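Everything on this sheet refers to the single structure shown next.
The shown structure was predicted, so the numbers you read here are calculated from the model rather than taken from an experiment.
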Amino acid sequence: MSENNQNKPVKLGIIGSGLAVKYLHAPAMKRLKDKFEIVVSCAHSETSAREGARIAAEELNSPNCSWTTDYKTVLANPAVEAVLLSLPINLNAPFMVEAAQAGKHIIAEKPLAADLPQAQKLLADLSQFDNLVIEVAENYHYREDFLKAKEWLAAGRIGDVFLMEIKSRFYIDNSQGFASTPWRYAKEFRGGLVADGGVHYCASLRDLGGEVEHVQAYTKIAHPASTDADTILMNLRYKSGTVANLIFTGAVQTRESIPLAGLIFGTKGTIELTNGRAILTTGAHPNTEVVEDYQVPDFDSGYSGEFENFYQAIRHGAKVVSTVEEAYNDFALIMHALDSADQGGVVIKL
């Protein structure tokens, strides 16, 4: 990286200018103050491509952003340094390889593949491109509430961890928003909602507990729109000996949706996690004491963190946090959980 280029915005091409770009990626880049310049917006439909260019011009300081429906012109454009791939899951792997072959830095949505064999091949295919920054946009690896919990764990604030639990329960409304996207319900990738949404919680479980030794799971199809699993109960044993449980469902009709509720139990205390908040307590009920209560300021679930990391890796050689390898391990965990469920809940050794 030349010295003259170090503080310039990264010239970005967007391939797949849909809902994730509009509601997740654009707001994150807007917070980063001129670190990205959007050169071109691409989508399979002219309407989406034009909308992406409008957002770039009006919200992301990119008044000269063009649009196209041909992704190959984005990859061939010498003005494009890097690409954001925001595509249906089954397209992630082939597009990542093609972008790398075109010499572009890549930030791509999760999960990184449609199934584990495709993910394994992707890992091998991308290993030759060590001159490129390749990041998988798993925002849970950048969540500041989780980072605070990891800081407390590393400092031994709750002693030896022996048990963790994470819950996420809600009801997907397939008439609007992300849930209305047809490919999320088609049999084009394995695992349905559990793969698409549950991989976030596999990332958090690995971040907070380390590497997993055994996984056992059961799944259900409960939502009327689902064609694959929308509910999973997963049990884990880590190499450290800690045990954990995940309940994830998009099919419950209940009084209150819970995007995330996590508990980490140690021999000296507990860490409670909710969206944007981490609470460290000591003592057993009724003598529990709140030792530290951390509220993330202006919480955005880690989206700005992932783009900041991408920028710093390109411009200043920073280490990528959510690497292809990390994303593969997150994805492998949810895929092995599905293997367990398909075999009636057998224990799978990783």
Side-chain angles (χ1 to χ4, degrees), residues 1 5-16 20-21 23-39 56 59-62 80-87 92 95-96 99-100 103-112 122-123 126-127 129-151 153-154 199-208 210 275-276 278 294 296-331:
M1 179 59 58
N5 226 18
Q6 283 189 345
N7 295 314
K8 290 185 177 180
V10 170
K11 294 183 180 295
L12 188 69
I14 298 176
I15 300 177
V21 170
Y23 294 112
L24 304 177
H25 302 146
M29 286 187 281
K30 189 175 181 180
R31 294 164 60 133
L32 297 180
K33 295 184 179 179
D34 305 324
K35 290 183 177 177
F36 293 92
E37 178 185 342
I38 314 304
V39 176
E59 301 180 21
L60 302 177
N61 300 318
S62 302
V80 173
E81 295 177 80
V83 290
L84 164 60
L85 302 179
S86 186
L87 301 164
N92 275 345
F95 272 71
M96 287 177 75
K104 309 301 184 185
H105 302 298
I106 300 164
I107 180 168
E109 263 297 344
K110 42 51 62 187
L112 76 173
L122 176 65
L123 205 62
L126 293 179
S127 64
F129 298 102
D130 55 7
N131 61 316
L132 297 175
V133 172
I134 304 178
E135 178 181 316
V136 177
E138 176 46 79
N139 57 295
Y140 275 43
H141 284 308
Y142 298 91
R143 287 178 56 133
E144 292 170 272
D145 46 357
F146 290 175
L147 294 175
K148 176 58 70 173
K150 287 177 67 176
E151 176 188 313
L153 292 171
V199 73
H200 286 304
Y201 302 94
C202 289
S204 62
L205 285 163
R206 292 185 58 252
D207 267 347
L208 297 168
N275 270 4
Y294 176 73
V296 179
D298 201 15
F299 180 61
D300 78 339
S301 293
Y303 290 106
S304 57
E306 66 190 11
F307 278 95
E308 176 70 29
N309 186 206
F310 190 53
Y311 172 83
Q312 293 296 338
I314 294 172
R315 286 290 181 256
H316 302 289
K319 182 179 178 181
V320 172
V321 174
S322 186
T323 62
V324 176
E325 292 78 11
E326 278 296 313
Y328 172 82
N329 289 330
D330 297 338
F331 185 60

task: Begin from the C-alpha positions of Leu123 and Glu325 and carry the test side-chain contact (heavy atoms from CB on, under 4.5 Å) through to its verdict.
output: CA-CA 7 Å; Leu123 205 62; Glu325 292 78 11; 4.1 Å; yes

Intermediate values then yes/no, side-chain contact (heavy atoms from CB on, under 4.5 Å), Phe129 and Asn131: CA-CA 5 Å; Phe129 298 102; Asn131 61 316; 4.2 Å; yes

field: Pair Lys104-Val80, side-chain contact (heavy atoms from CB on, under 4.5 Å): steps then yes or no
entry: CA-CA 7 Å; Lys104 309 301 184 185; Val80 173; 4.1 Å; yes

message: Set out, in order, the CA-CA distance, both residues' side-chain angles and the distance that settles side-chain contact (heavy atoms from CB on, under 4.5 Å) for Lys110 and His200, then state yes or no.
response: CA-CA 9 Å; Lys110 42 51 62 187; His200 286 304; 3.6 Å; yes

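Between the side chain of Glu306 and the backbone N or O of Asn139 there is at least one donor-acceptor pair closer than 3.5 Å. In this structure a side-chain-to-backbone donor-acceptor pair under 3.5 Å is present from Asn92 to Pro111. Remark: the backbone N or O of Val296 is not paired with any side-chain donor or acceptor of Glu144 at under 3.5 angstrom.
Here the SG-CD distance, from Cys202 to Glu138, works out to 9.5 Å after rounding to the nearest 0.5 Å.
Between His316 and Asn7 there is a side-chain heavy-atom pair separated by less than 4.5 Å. For the pair Ser322 and Tyr142, the minimum side-chain heavy-atom distance is below 4.5 Å. No side-chain heavy atom of Ile134 sits under 4.5 Å from any side-chain heavy atom of Val320. For the pair Tyr140/Asp207, no side-chain contact is recorded, criterion being any heavy-atom separation below 4.5 Å from C-beta on. Considering only heavy atoms from C-beta on, Leu126 stays 4.5 Å or farther from Tyr328 through its side chain. Contact of the Phe307 side chain with the Ile107 side chain is registered, since non-hydrogen atoms from C-beta on lie closer than 4.5 Å.
Ion pairing of Glu81 with Arg315 is present here, as a side-chain N (NZ or NE/NH1/NH2) and a carboxylate O approach within less than 4.0 Å. The pair Lys35-Glu308 meets the salt-bridge criterion, with a side-chain N (NZ, NE, NH1 or NH2) lying under 4.0 Å from an Asp/Glu carboxylate O. A salt bridge between Asp300 and Arg31 is present, with a side-chain N of the basic residue lying under 4.0 Å from a carboxylate O of the acidic one.
Screening His105, Glu109, His25 for a side-chain contact (heavy atoms from CB on, under 4.5 Å) involving Leu84 leaves a single residue, His25.
Side-chain N/O atoms of Asn309 and His141 include no donor and acceptor closer than 3.5 Å.
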